[in-house]
Amino acid sequence: MLKLLIVDDDALTRKGIRMLMPWKEHQMEIIGEASNGKEALTFLASHAVDLVLVDLDMPVMDGMTFIREASALYPQLSFVVLTIHTEFETIQNILRMGAIDYIAKTQFDKENFDQILERIHSSILKKYAAGQSIPELKWKNSKILYPYIYALITAEPDTDEPAAQFQELNGLSRDFYELLPGIWVFTDTRMEFIFPQSFPNTMLLRILDVSEMTYDNLAKLLRNYRKNMFFYDYKPQKAIYSKHAYELREQEYIEDTETLNQLKQEWLSLNWVHENDLFEKIRFDLQNSRLKPSALYHLLVALETIWNTSYSELTGETAALPPVFHSWNEVEDWLMHVYEKTNYFQTASKYSGTVVRSILNVKTWVDGHYAEAIDTAEVARSAQMSYGYFSRCFHDVIGVSFSDYCISLRIEKAKGLLRTTDRPIWQVAEDVGYGDEKYFSRLFKKVVGCAPSEYRRQE
């Protein structure tokens, strides 16, 4: 790992740099922080550091002064400047001072973290290319001399237990290298290996056509592969998977808004809970879409929210997303669990699937139109039921009367507006479907136990 020091007088900036950027994935480790150049020089006197991220505008000792003094004391030290100044002359001065790169704080966001660190890593490799390499980077810059190579990849880079067990079981005491955190490479003539009994979210990959490629180039491909396609390729079988090196490159992902919206509409409509064939179809479509894992998770968050809104009260359960999915296999298991939970509820109902579907469609409509005037008789006609039959079905399926459900929904929405906005009471009443402020206030007090104004003060 390259050892880093962050020098910036803003504690929040230092925390953001430390917490948000994927340092380990780019073979970097932050070992210290300083709030000005003087503190940084003190730290360097007792710690081995390879790279310093330094702000220009700091009290006590600014960034330019620090770079001059630190360069004289530690010639092998590399510097990347953090700056809000992006004028050409300023950047030229930074590079003349000996910095290998700069990061414009105005462009510092999650979308370019990998790009920034990849650029810094490449700059350090170029700096040490003339025989002055840091030892652990030296072998990574050499060429692979074999037609294929094995890569052990885990979706959880913070643990090396699967790799250690695999290495011991197969006697791989030599030439077994950690190329990246959670990715180990080795060469071997065997075509079969012994796998640990517990081998979660880990894959053994035979990569073909790697001859003449450098280990560093392979690392870039594997980093990209694990970040994207590993998610869909992983299967919980203990086997060797083969890929050509070119297949590790990022494949096409759905980016157009129209297609993404179509996928969301299919899932968030909840129509699939009533039809087995439709569920199978859109599950297949979702898998084959190869959404980036981050975009897929956002879709599932929206699905979790709408399912809980529609079904948690009915089933007495909630659909809870895990904090992370390591593979499509885990996503599929979660979707099946949610589907089976819903299907069990429908099977247990005394009404036909058609009736249950109509009632749930009405409920979904009310959830989106609670701010409008709602006529129960008109709603019953739209569901193609008589008033009395609709009322009885709604009560049996949902658990409360149609009128009580509308009141409960509107009051909950009003409570949210009272907590999070300073809108006057009359406007809150209108926003949730009540044109009469006095009637709304009486109803609110009856349900909640206090007037809207008192509720707002309590919160």
Side-chain angles (χ1 to χ4, degrees), residues 1-128 132-134 136-137 157-158 180-181 223 227 294:
M1 289 283 182
L2 290 174
K3 300 186 185 304
L4 271 70
L5 171 65
I6 304 174
V7 188
D8 195 301
D9 61 315
D10 183 19
L12 288 178
T13 298
R14 297 199 306 271
K15 182 178 180 180
I17 292 172
R18 176 184 286 274
M19 301 298 295
L20 297 178
M21 297 184 78
W23 297 105
K24 284 188 177 181
E25 292 183 17
H26 295 266
Q27 306 160 59
M28 301 180 189
E29 176 188 12
I30 297 172
I31 64 167
E33 299 179 13
S35 60
N36 58 64
K38 188 175 180 181
E39 283 185 15
L41 288 175
T42 301
F43 185 90
L44 291 174
S46 56
H47 297 81
V49 176
D50 302 309
L51 174 67
V52 180
L53 269 66
V54 55
D55 187 25
L56 289 182
D57 303 316
M58 297 182 295
V60 184
M61 180 185 289
D62 61 59
M64 288 291 196
T65 305
F66 165 74
I67 292 175
R68 279 198 300 269
E69 296 196 16
S71 296
L73 292 170
Y74 311 100
Q76 300 302 318
L77 193 58
S78 296
F79 304 90
V80 171
V81 169
L82 302 167
T83 179
I84 60 173
H85 308 290
T86 56
E87 298 84 359
F88 177 78
E89 184 177 348
T90 302
I91 301 306
Q92 287 295 98
N93 288 336
I94 289 170
L95 298 178
R96 287 194 200 101
M97 288 294 298
I100 62 171
D101 211 329
Y102 73 95
I103 298 174
K105 291 185 177 181
T106 54
Q107 299 174 352
F108 196 70
D109 57 59
K110 292 184 179 180
E111 296 301 320
N112 61 20
F113 284 167
D114 281 306
Q115 182 181 350
I116 289 170
L117 295 186
E118 185 65 44
R119 196 175 68 211
I120 293 171
H121 184 264
S122 297
S123 297
I124 293 176
L125 283 179
K126 290 176 183 177
K127 177 176 178 179
Y128 292 101
Q132 300 177 336
S133 303
I134 298 171
E136 66 178 274
L137 296 180
D158 292 334
L180 294 169
R223 180 188 300 118
K227 184 179 178 182
S294 57

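No experiment lies behind these values; they were computed from the predicted model shown.
- Expressed to the nearest 0.5 Å, how far CG of Asp8 lies from CG of Asp57 amounts to 9.5 Å.
- Nearest heavy atoms, Ala48 versus Ile31: O-CD1, 3.5 Å.
- Of the inter-residue distances, the one linking Thr13 atom OG1 with Leu53 atom CG reads 11.5 Å to the nearest 0.5 angstrom.
- With sequence neighbours excluded, the residues satisfying salt bridge (charged side-chain N to carboxylate O under 4.0 Å, His left out) with Glu33 are Arg14, Arg18.
- Minimum heavy-atom separation, Ile30 to Trp23: CD1-NE1, 3.3 Å.
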Residue pair Asp55, Asp10: steps toward the side chain to side chain contact (heavy atoms under 4.5 Å, CB included) verdict: CA-CA 9 Å; Asp55 187 25; Asp10 183 19; over 6 Å; no

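- Applying the ring-ring contact (aromatic ring centres under 6.0 Å, His included) test to pairs two or more places apart or on separate chains, those with a residue in residues 27-65 are Phe43-His47.
- The two residues Ala70 and Phe79 come nearest to each other via the heavy atoms CB-CZ, 3.7 Å.
- Under the side chain to side chain contact (heavy atoms under 4.5 Å, CB included) criterion, Ala34 pairs with Val7, Glu39, Ala40, not counting sequence neighbours.
- With sequence neighbours excluded, the residues that form a side chain to side chain contact (heavy atoms under 4.5 Å, CB included) with Lys15 are Met19.
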Verdict with reasoning, Phe66 to Val52, per side chain to side chain contact (heavy atoms under 4.5 Å, CB included): CA-CA 10 Å; Phe66 165 74; Val52 180; 3.8 Å; yes

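- A distance of 5.5 Å separates CG in Leu44 from CG in Leu5, rounded to the nearest 0.5 Å.
- In this structure, CG in Leu4 is found 4.5 Å from CG in Leu51, a value given to the nearest 0.5 Å.
- The backbone N or O of Leu56 lies less than 3.5 Å from no partner atom in the side chain of Asp62, so there is not a single donor-acceptor pair.
- Proximity of a side-chain donor or acceptor of Thr42 to a complementary backbone N or O of Lys38 within less than 3.5 Å is detected.
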